[in-house]
K.L.:
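First the structure, then my questions, so here it is.
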Amino acid sequence: MSALYSTTVTAIGGRNGVATSDDGLLNLKLSLPKGIGGKGDATNPEQLFAAGYAACFGNAVIHVTRNKEKKIKDDDVRVVATVGMSAREGGGFGLGVALKVIIAGVDQTSAEAIVAEAHRTCPYSNAVRGNIDVALIVEAC
């Protein structure tokens with residue numbers, strides 16, 4: 001499979017370090033969240049994952065409606081991603097995700113069908129399928 005896009009980010013110092021993209025557009029201080037003993041004075045990997053997943057899933061919603069009668073526009077979709085980290089039974093840690101997807105201008109049944117198709121299309125959803133539980137909450141407005 002040929003990549004449509006790729007990027008490189010370097011993290012130095014783990015959760016209390018910095019992350020910088022090869023093009024310099026991303027340059028973030030990182031901090032361990034207060035909830036797990038850190039200072040919480042900077043962003044953390046879970047926030048970055050939530051931001052990426054929310055943006056990518058929102059675009060998947062827009063993408064799957066491009067050839068449909070009712071096209072979803074950028075301002076018609078809002079995705080709220082909640083990412084949680086927890087200890088796994090066998091050791092180590094795991095993530096869980098809840099995506100609240102709000103779509104304007106469609107009925108609830110249509111919104112649910114669009115979100116289901118977007119979940120099959122979104123690269124983040126495809127990457128985590130079978131590894132991370134993803135709860136989908138759909139709201140039409």
Side-chain angles (χ1 to χ4, degrees), residues 1-90 92-141:
M1 181 170 66
S2 176
L4 296 173
Y5 171 76
S6 66
T7 187
T8 302
V9 174
T10 302
I12 300 171
R15 288 179 167 271
N16 288 309
V18 296
T20 308
S21 62
D22 59 348
D23 62 7
L25 293 175
L26 179 73
N27 187 357
L28 296 172
K29 178 182 173 190
L30 301 172
S31 177
L32 190 66
K34 281 185 179 181
I36 54 175
K39 292 181 184 178
D41 61 346
T43 196
N44 62 65
E46 290 73 30
Q47 290 171 324
L48 295 171
F49 185 77
Y53 202 164
C56 191
F57 198 90
N59 203 74
V61 166
I62 294 163
H63 174 77
V64 301
T65 65
R66 282 200 174 122
N67 295 323
K68 298 192 188 280
E69 186 176 314
K70 172 60 180 161
K71 293 171 182 51
I72 303 300
K73 297 180 188 105
D74 293 0
D75 292 340
D76 293 338
V77 61
R78 183 172 15 146
V79 180
V80 180
T82 302
V83 173
M85 182 177 60
S86 58
R88 296 178 55 173
E89 282 187 27
F93 300 91
L95 298 175
V97 175
L99 298 176
K100 181 176 183 181
V101 185
I102 303 128
I103 304 174
V106 297
D107 60 63
Q108 184 67 26
T109 301
S110 297
E112 289 172 5
I114 291 167
V115 167
E117 188 174 353
H119 192 46
R120 289 188 298 274
T121 303
C122 176
Y124 275 70
S125 292
N126 288 328
V128 304
R129 189 169 286 112
N131 297 307
I132 295 176
D133 290 332
V134 178
L136 298 172
I137 302 107
V138 182
E139 183 179 310
C141 61

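Since the structure is predicted, the reported quantities are computational estimates derived from the model, not experimental observations.
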K.L.:
Other residues, nucleotides and ligands only: do more than 12 of their heavy atoms fall within 6.0 Å of CG on Asn126?
P.N.:
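Atom CG in Asn126 is packed in, count exceeds 12.
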K.L.:
Verify, without hydrogens or angle tests, whether Glu139 (side chain) and Ile102 (backbone) share a donor-acceptor contact under 3.5 angstrom.
P.N.:
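Absent.
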K.L.:
Got a sec: does the CG of Asn131 have more than 12 other heavy atoms crowding it under 6.0 Å?
P.N.:
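Check passes, neighbour count above 12.
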K.L.:
Which residues satisfy the side-chain contact (heavy atoms from CB on, under 4.5 Å) test with Val128, sequence neighbours excluded?
P.N.:
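In terms of side-chain contact (heavy atoms from CB on, under 4.5 Å), with neighbours along the sequence ignored, Val128 is linked to Phe49, Tyr53, Ile132, Val134.
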K.L.:
Just to verify, what does Asn16 make a side-chain contact (heavy atoms from CB on, under 4.5 Å) with, not counting sequence neighbours?
P.N.:
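For Asn16, the residues satisfying side-chain contact (heavy atoms from CB on, under 4.5 Å) (neighbours in sequence not counted) are Ser31, Leu32.
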K.L.:
According to the salt bridge (Lys or Arg N to Asp or Glu O under 4.0 Å) rule, which pairs have a member within residues 20-29, sequence neighbours left out?
P.N.:
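Listed by first then second residue: Lys29-Asp41.
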K.L.:
Is any side-chain heavy atom of Met85 closer than 4.5 Å to one of Ile36?
P.N.:
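Ile36 vs Met85: side chains touch.
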K.L.:
Once side-chain hydrogen bond (donor to acceptor under 3.5 Å, both in side chains) is applied, do any residues pair with Arg66, and if so which ones, sequence neighbours excluded?
P.N.:
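If we apply the side-chain hydrogen bond (donor to acceptor under 3.5 Å, both in side chains) test to Arg66, skipping adjacent residues, the hits are His63.
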K.L.:
Evaluate the criterion side-chain contact (heavy atoms from CB on, under 4.5 Å) for residue pair Val97 and Phe57; output intermediate values, then yes/no.
P.N.:
CA-CA 12 Å; Val97 175; Phe57 198 90; over 6 Å; no
K.L.:
For the residue pair Val61 and Asp76, establish whether any side-chain heavy-atom pair is separated by less than 4.5 Å.
P.N.:
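No, side chains not in contact.
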K.L.:
So, for Pro33 and Arg15, which heavy atoms are closest and what is the spacing to 0.1 Å?
P.N.:
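Minimum heavy-atom separation between Pro33 and Arg15: CD-NH1, 4.0 Å.
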K.L.:
How close do Lys70 and Val106 get, heavy atom to heavy atom, and via which atoms?
P.N.:
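Closest pair (atom of Lys70, atom of Val106, distance): CG-CG1, 3.7 Å.
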K.L.:
What's the separation between atom CD1 in Ile114 and atom OG1 in Thr121, rounded to the nearest 0.5 Å?
P.N.:
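Rounded to the nearest 0.5 Å, the CD1-OG1 separation comes out at 11.5 Å.
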K.L.:
Could I get the full list of side-chain contact (heavy atoms from CB on, under 4.5 Å) partners for Thr43, not counting sequence neighbours?
P.N.:
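Expected list: Leu28, Leu30, Gln47, Leu48.
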K.L.:
Quick one: closest heavy-atom pair of Ala104 and Ile72, and the distance?
P.N.:
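Residues Ala104 and Ile72, closest heavy atoms: O-CD1, 4.4 Å.
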K.L.:
Atom CG of Leu136 and atom OG of Ser125: how far apart are they, to the nearest 0.5 Å?
P.N.:
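Rounded to the nearest 0.5 Å, the CG-OG separation comes to 7.0 Å.
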K.L.:
Find the distance between CG (Leu26) and OG1 (Thr8) and round it off to the nearest 0.5 Å.
P.N.:
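Output value for this atom pair is 12.0 Å.
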K.L.:
Which pairs pass salt bridge (Lys or Arg N to Asp or Glu O under 4.0 Å) with one or both residues in residues 107-122, sequence neighbours excluded?
P.N.:
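Those involving residues 107-122 are Lys68-Glu117.
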K.L.:
Using every non-hydrogen atom in the two residues, find where Ala98 and Ile137 come nearest and quote the distance to one decimal.
P.N.:
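Answer, listing the atom of Ala98 first, then Ile137: CB-CD1, 4.2 Å.
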K.L.:
A quick test of your reading: do over 12 heavy atoms of other residues, nucleotides or ligands sit less than 6.0 Å from NZ of Lys71?
P.N.:
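Result for NZ/Lys71: enclosed.
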